[in-house]
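In what follows, residues are counted from 1 in the order of the sequence shown. All of these numbers come straight from a predicted model, not from anything done at the bench.
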Amino acid sequence: MTDMPDQAPSPEQLVAGLVKLLTVETGEDMQFTGRPQKGGVGRVFGGQVIAQALQAAQLTVGGDKQAHSLHAYFLRGGKEGPPIRYQVTADFDGRSFANRRVVASQVEDDGTSRPILNLTASFQLPEPGLEHDDYAMPDVPPPEALRCDMELRREHADKAGITGVARDIMLRPRAIEMRTSGKLHWMNDAPREPRAHSWFKAAAPLPDDPALHRAVIAYASDFTLLGTSALPHGLSWMRGELVGASLDHAIWFHRPARADEWLLYATDSPWSGGGRGYNRGRIFNRAGQLVASVAQEGMIRKRG
């Protein structure tokens, strides 16, 4: 049985690695390169590609304009190991708004460059305006009253007898700390309502860079989301019962937030069918303010 190494990286080392992962390298003609995850195996995490693409787009927008939304389509799974190239196109630059289009690609073994994601991001110069907030923050226990998900993952892996690569992936140290109220799909083996609530934050302080904090929130927004549509069926990827992949992902950033302070991710899944599951997410700060909204549809199939 494989397990985590004796000397696990510290939270500070994990977050430094995440910052490095989300810091894309600038090339010529609005082309950027995203680093691979250290020690990554299999398919690239979708949140990583979204966050790196957003970072590339943010680097091309001048002035004080800030990303307020992004819409992404996953075209095919990326491979861990090879770097990802991000080609940015400036489709619009106005006085208040700007728009960027990003194509993420990887080079195949035969030298062919194949796109793995298309992303469009919109930017706005901050301004005052009409305000309302119609979503109430769910009444869930605070993060201090909940156990760390990594502790629960270790207990579940031991109880379920998960071994090998699946165990390594499940117990891999994360730069994002999560604490869940209720059960996520990997904890659940009986049908339940398609709703989940998880607190998350970077495991150590981040630099004071609002663009980086948006990228980290985008990165973390891909955790737990697709699994919400598995809850009514009592099935899980961790137990090898499902095959799944993200198809598209959209985020609306409503107000600034620090990704190294606790944020509540409330997810629900209104529908699944036809081999797809539709999921929504709302992200709140500790004051109960709505920070961001997320929507995603993914392929979800019962393993035959």
Engineer: Within the supplied structure, the quantity of interest is the number of heavy atoms (other residues, nucleotides, ligands) at a distance under 6.0 Å from Asp110 CG; does it exceed 12?
Structural biologist: yes
Engineer: Who are the salt bridge (Lys or Arg N to Asp or Glu O under 4.0 Å) partners of Asp91, not counting sequence neighbours?
Structural biologist: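 For Asp91, the residues satisfying salt bridge (Lys or Arg N to Asp or Glu O under 4.0 Å) (neighbours in sequence not counted) are Arg101.
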Engineer: Should Val61 and Tyr86 be regarded as members of a common hydrophobic cluster, given that ILVMFWY residues are connected when their side-chain heavy atoms come within less than 4.5 Å of each other, either directly or indirectly?
Structural biologist: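 Result: no, two separate clusters.
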Engineer: As a quick check of understanding, evaluate side-chain contact (heavy atoms from CB on, under 4.5 Å) for Ile84 and Val49, giving each step before the final call.
Structural biologist: CA-CA 8 Å; Ile84 302 174; Val49 187; 4.1 Å; yes
Engineer: To check you understand the geometry: which heavy-atom pair defines the closest contact between Phe253 and Ala218, and what is its length?
Structural biologist: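 The answer is CZ-CB, 4.4 Å.
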Engineer: Does any donor atom in the side chain of Thr228 or Ser269 lie under 3.5 Å from an acceptor atom in the other side chain?
Structural biologist: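 Per modelled atom types, Thr228 and Ser269 side chains form no pair under 3.5 Å.
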Engineer: Checking side-chain contact (heavy atoms from CB on, under 4.5 Å) for the pair Ile116/Val103: CA distance, chi angles, key distance, verdict?
Structural biologist: CA-CA 8 Å; Ile116 62 174; Val103 178; over 6 Å; no
Engineer: Judged by modelled atom types alone, do Gln55 and Gln58 share a side-chain donor-acceptor pair under 3.5 Å?
Structural biologist: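 A donor-acceptor contact under 3.5 Å links the two side chains.
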Engineer: When you group the ILVMFWY residues by side-chain heavy-atom contacts below 4.5 Å and let the links chain together, are Leu119 and Leu212 in the same group?
Structural biologist: yes
Engineer: Side chains of Gln48 and Gln37: do they bring a donor and an acceptor to under 3.5 Å?
Structural biologist: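 Side chains of Gln48 and Gln37: no pair found under 3.5 Å.
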Engineer: Could you see if Val102 belongs to whatever hydrophobic cluster contains Phe32? Use Ile, Leu, Val, Met, Phe, Trp, Tyr and a side-chain cutoff under 4.5 Å.
Structural biologist: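 Shared cluster, yes.
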Engineer: Answer whether the closest heavy-atom distance between the side chains of Leu206 and His213 falls below 4.5 Å.
Structural biologist: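 Counting from C-beta outward, Leu206 and His213 do come under 4.5 Å.
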Engineer: Kindly indicate whether the side chain of Leu263, heavy atoms from C-beta on, has any atom under 4.5 Å from the side chain of Trp199.
Structural biologist: no
Engineer: Nearest 0.5 Å, please: how far is CZ in Phe200 from OG1 in Thr180?
Structural biologist: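 Taking OG1 in Thr180 and CZ in Phe200, the distance rounds to 11.5 Å.
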Engineer: Pro232 versus Pro191: any side-chain heavy-atom pair under 4.5 Å?
Structural biologist: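 Not in contact.
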Engineer: Taking only residues two or more places apart in sequence, or in another chain, which ones meet Tyr219 in a ring-ring contact (aromatic ring centres under 6.0 Å, His included)?
Structural biologist: Phe45, Phe223
Engineer: Suppose we screen for side chain to side chain contact (heavy atoms under 4.5 Å, CB included). Which residues come up paired with Arg153, at least two apart in sequence or across chains?
Structural biologist: Met150, Met170, Leu171, Arg174, Trp186, Met238
Engineer: Between Asp29 (side chain only) and Gln31 (backbone N and O only), is there a donor and an acceptor less than 3.5 Å apart?
Structural biologist: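 The answer is no, because no donor-acceptor pair under 3.5 Å joins these two groups.
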Engineer: State the CZ-CZ distance between Arg100 and Phe92, to the nearest 0.5 angstrom.
Structural biologist: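 Interatomic distance, Arg100 CZ to Phe92 CZ, rounded to 0.5 Å: 10.0 Å.
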Engineer: Is a donor on one side and an acceptor on the other found under 3.5 Å between the side chain of Glu241 and the backbone of Ser236?
Structural biologist: yes
Engineer: Where do Glu80 and Pro82 come nearest, in terms of heavy atoms and distance?
Structural biologist: O-CD, 3.2 Å
Engineer: When rounded to the nearest 0.5 angstrom, what distance separates OG1 in Thr33 from CD in Gln52?
Structural biologist: 9.5 Å
Engineer: For residues 11-22, which side-chain N or O atoms pair as donor and acceptor with protein atoms under 3.5 Å away, sequence neighbours left out?
Structural biologist:
residue, atom, partner, partner atom, Å
Gln13, OE1, Ser10, N, 2.8
Gln13, OE1, Ser10, OG, 3.4

Engineer: Taking salt bridge (charged side-chain N to carboxylate O under 4.0 Å, His left out) as the cut-off, I'd like each qualifying pair that reaches into residues 288-303, sequence neighbours left out, listed once.
Structural biologist: Arg276-Glu297
Engineer: What pairs of residues pass the side-chain hydrogen bond (donor to acceptor under 3.5 Å, both in side chains) test when at least one of them lies in residues 63-75, not counting sequence neighbours?
Structural biologist: His68-Ser122
Engineer: Rounded to the nearest 0.5 Å, what separates atom OG in Ser272 from atom CG in Asn279?
Structural biologist: 9.0 Å
Engineer: Could you grab the distance from atom OG of Ser229 to atom CG of Asp268, nearest 0.5 Å is fine?
Structural biologist: 11.0 Å
Engineer: Are Val24 and Thr26 packed together at the side-chain level, in the sense that at least one heavy-atom pair is separated by less than 4.5 angstrom?
Structural biologist: no
Engineer: Are Leu152 and Val140 linked, directly or through intermediate hydrophobic residues, by side-chain heavy-atom contacts shorter than 4.5 Å (ILVMFWY only)?
Structural biologist: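 Different clusters.
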Engineer: Please name the pair of heavy atoms, one in Gly277 and one in Leu226, separated by the smallest distance, quoted to 0.1 Å.
Structural biologist: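 That would be O-CD1, 4.4 Å.
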Engineer: So which residues get pulled into Met299's cluster when ILVMFWY side chains under 4.5 Å apart are joined, directly or through others?
Structural biologist: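 Its cluster partners, ordered by chain and number, are Val243, Leu247.
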Engineer: Name all pairs fulfilling the salt bridge (charged side-chain N to carboxylate O under 4.0 Å, His left out) condition that reach into residues 245-258, sequence neighbours left out, sorted by first residue then second.
Structural biologist: Asp133-Arg255, Asp208-Arg258, Arg258-Asp260
Engineer: Atom OG in Ser96, atom CZ in Phe123: separation rounded to 0.5 Å?
Structural biologist: 15.0 Å
Engineer: Whether the side chain of Arg76 engages the backbone of Pro115 through a donor-acceptor N/O pair (distance < 3.5 Å, no angle test) should be reported.
Structural biologist: yes
Engineer: Quick one: are Lys201 and Glu177 in side-chain contact, heavy atoms under 4.5 Å?
Structural biologist: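 Heavy-atom side-chain distance check passes, below 4.5 Å.
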Engineer: Got a sec, which residues hit salt bridge (Lys or Arg N to Asp or Glu O under 4.0 Å) with Glu193, two or more places apart in sequence or on another chain?
Structural biologist: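 Checked Glu193 against salt bridge (Lys or Arg N to Asp or Glu O under 4.0 Å); matches are Arg195.
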Engineer: In terms of hydrophobic clusters joined by side-chain contacts under 4.5 Å, are Tyr135 and Trp262 together?
Structural biologist: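 Yes; tracing contacts between hydrophobic side chains, which count when under 4.5 Å, links both residues.
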Engineer: With a 4.5 Å heavy-atom cut-off, do Met137 and Leu264 have their side chains touching?
Structural biologist: yes
Engineer: Are the side chains of Thr224 and Met178 in touch, meaning some heavy atoms are under 4.5 Å apart?
Structural biologist: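 They are in contact (side-chain heavy atoms under 4.5 Å apart), so the answer is yes.
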Engineer: Write down the atom of Ser113, the atom of Ser105, and the distance for their closest heavy-atom approach.
Structural biologist: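 Minimum heavy-atom contact is OG-CB, 3.5 Å.
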Engineer: Taking only distance into account, with no hydrogens and no angle test, what donor-acceptor pairs under 3.5 Å do side-chain atoms of residues 283-296 form with protein atoms, sequence neighbours excluded?
Structural biologist:
residue, atom, partner, partner atom, Å
Asn285, OD1, Ala287, N, 3.1
Asn285, OD1, Gly288, N, 3.2
Asn285, OD1, Gln289, N, 2.9
Asn285, ND2, Gln289, OE1, 2.9
Arg286, NH1, Glu144, OE2, 3.2
Arg286, NH2, Glu144, OE1, 3.4
Ser293, OG, His254, NE2, 2.7
Gln296, NE2, Asp222, OD1, 2.8
Gln296, NE2, Ser246, OG, 3.3
Gln296, NE2, His249, ND1, 2.8

Engineer: Could you tell me which residues satisfy salt bridge (Lys or Arg N to Asp or Glu O under 4.0 Å) with Arg214, sequence neighbours excluded, listed by chain and number?
Structural biologist: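 Salt bridge (Lys or Arg N to Asp or Glu O under 4.0 Å) check on Arg214 returns nothing, list empty.
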Engineer: Applying salt bridge (charged side-chain N to carboxylate O under 4.0 Å, His left out) as the test, list every pair that has at least one member in residues 31-40; sequence neighbours left out.
Structural biologist: Glu25-Arg35
Engineer: Which heavy atom of Val88 sits nearest a heavy atom of Ala57, and at what distance?
Structural biologist: CG2-N, 4.2 Å
Engineer: Passes side-chain contact (heavy atoms from CB on, under 4.5 Å), Arg147 versus Arg179? Steps please.
Structural biologist: CA-CA 6 Å; Arg147 296 175 63 193; Arg179 300 188 181 190; over 6 Å; no
Engineer: Leu125 vs Phe97, test: side-chain contact (heavy atoms from CB on, under 4.5 Å). Steps then yes/no.
Structural biologist: CA-CA 6 Å; Leu125 191 67; Phe97 290 88; over 6 Å; no
